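Taking it in order: structure first as structure tokens, then the write-up.
One is the number of the first residue; the rest follow in order along the sequence. None of the values given here were measured: they were computed from a predicted structure.
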Amino acid sequence: MSGIDESLRPQKSRITIFDEPVICSFCSHDVYIPYEVFVNVEQPGVDVRHVRYIAICQHCGKAKQFGDPSHFEKDEFIWALNQYLISIRSYKIKVSFYVGKKNNDKITKFTNKLIQDFGIEKENINISYLKGVAELQIKISSLNEIQTIRTQIMNSARRLFITIKDLTIK
Ligand SMILES: [Zn+2]
């Protein structure tokens, strides 16, 4: 079993304890930022690591607490914790959709939904409109893969009864 011989880094990551992924019990996501916390209780003479972590779920913000159950087994040290760092990627999204002649409401609703879904800053979204078709150009940063982002956008559109004409993400 592989392991790390240093503290978990406070960066966005997936974490495993004895190869079991740490999963949020509130939202089922598995991306955390772990913070090492110091425990006051000292047990002199006992060779146990008193490392504890509070990990914050990056999806819902709930905290999870766990220790480091690494230990010696027949003179061999068994590392319990593994950390897989996740990098945030930038994407450019271009999405066009049908709005009809006087339905600016759809543009506002869809734009607001995407701003909410992806935490987009206003300056990273550009709206244009031509002959019943609106087009949004958006810059986002995300931990997700293109396929996941595409599905999110399609689902949001469906919920608002919006028909997508074209969607490109790169
Ligand atoms: Zn969560």
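For the atom pair CD of Q11 and CD1 of I86, the computed distance is 11.0 Å after rounding to the nearest 0.5 Å. Considering OH of Y129 and CD1 of I127, their distance stands at 13.5 Å, rounded to 0.5 Å. Rounded to the nearest 0.5 angstrom, Q58 CD and H29 NE2 are separated by 11.5 Å. How far CG of L8 is from CG of N82: 9.0 Å, rounded to the nearest 0.5 Å. Rounding to the nearest 0.5 Å places NE2 of H71 at 9.5 Å from CD of E76. Remark: I93 CD1 to R150 CZ distance equals 10.0 Å, nearest 0.5 Å.
Relative orientation of the F77 and F72 rings is perpendicular, given thresholds of 30° and 60° on the angle between their planes.
Within the 4.5 Å cutoff, the side chain of L136 has no heavy atoms near those of the N126 side chain. The closest side-chain heavy-atom distance from I23 to S25 is not below 4.5 Å. V133 is not listed as a side-chain neighbour of V99, based on a closest heavy-atom distance of 4.5 Å or more. V51 places a side-chain heavy atom less than 4.5 Å from the side chain of Y53. Side-chain contact check for K122 versus I115: some heavy-atom pair is nearer than 4.5 Å. In this structure, the side chains of P34 and I15 come closer than 4.5 Å at one or more pairs of heavy atoms. You'll find the side chain of K109 stays beyond 4.5 Å of the side chain of I107, heavy atoms only. Put simply, the side chain of I56 does not reach to within 4.5 Å of the side chain of Y32, judged on heavy atoms.
Between S141 and I88, the shortest heavy-atom contact is CB-CG2, 3.7 Å.
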Any chance you could lay out the side chain to side chain contact (heavy atoms under 4.5 Å, CB included) test for I138 and F118, step after step, and finish with the verdict?
CA-CA 10 Å; I138 309 165; F118 296 101; over 6 Å; no

Evaluate the criterion side chain to side chain contact (heavy atoms under 4.5 Å, CB included) for residue pair F18 and L81; output intermediate values, then yes/no.
CA-CA 6 Å; F18 294 125; L81 300 177; over 6 Å; no

Go through the steps to decide whether K92 and Q137 satisfy the test side chain to side chain contact (heavy atoms under 4.5 Å, CB included), and finish with yes or no.
CA-CA 7 Å; K92 281 182 188 161; Q137 292 192 52; over 6 Å; no

Yes or no on side chain to side chain contact (heavy atoms under 4.5 Å, CB included) for V22 and T16, after CA distance, side-chain angles and deciding distance?
CA-CA 6 Å; V22 176; T16 58; over 6 Å; no

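Between D30 and the options K12, K64, R14, a salt bridge (Lys or Arg N to Asp or Glu O under 4.0 Å) holds for only R14.
Looking only at distances, a side-chain donor or acceptor of S70 sits under 3.5 Å from a matching main-chain atom of A80. Under a 3.5 Å cut-off, the side chain of T148 and the backbone N or O of I146 do not form any donor-acceptor pair. No side-chain donor-acceptor contact under 3.5 Å links E135 to the backbone of F97. Put simply, the side chain of Y35 never gets that close to the backbone of A55: no donor and acceptor are under 3.5 Å apart. Between the side chain of S142 and the main chain of N144, a donor-acceptor pair closer than 3.5 Å is present. When atom types are taken as modelled, the side chain of H59 and the backbone of C57 share no donor-acceptor pair closer than 3.5 angstrom.
Hydrophobic cluster membership differs between I33 and F26, with clusters built from Ile, Leu, Val, Met, Phe, Trp and Tyr side chains linked at under 4.5 angstrom.
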Under 3.5 Å, which donor-acceptor pairs do the side chains of residues 158-170 form with other protein atoms, sequence neighbours left out?
unit_1	atom_1	unit_2	atom_2	d
R158	NH1	N155	OD1	3.1

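The environment of CD in E123 is crowded: more than 12 heavy-atom neighbours from other residues, nucleotides or ligands sit within 6.0 Å.
Every residue meeting the side-chain contact (heavy atoms from CB on, under 4.5 Å) condition with R89, not counting sequence neighbours, appears here in chain and number order: Y91, E145.
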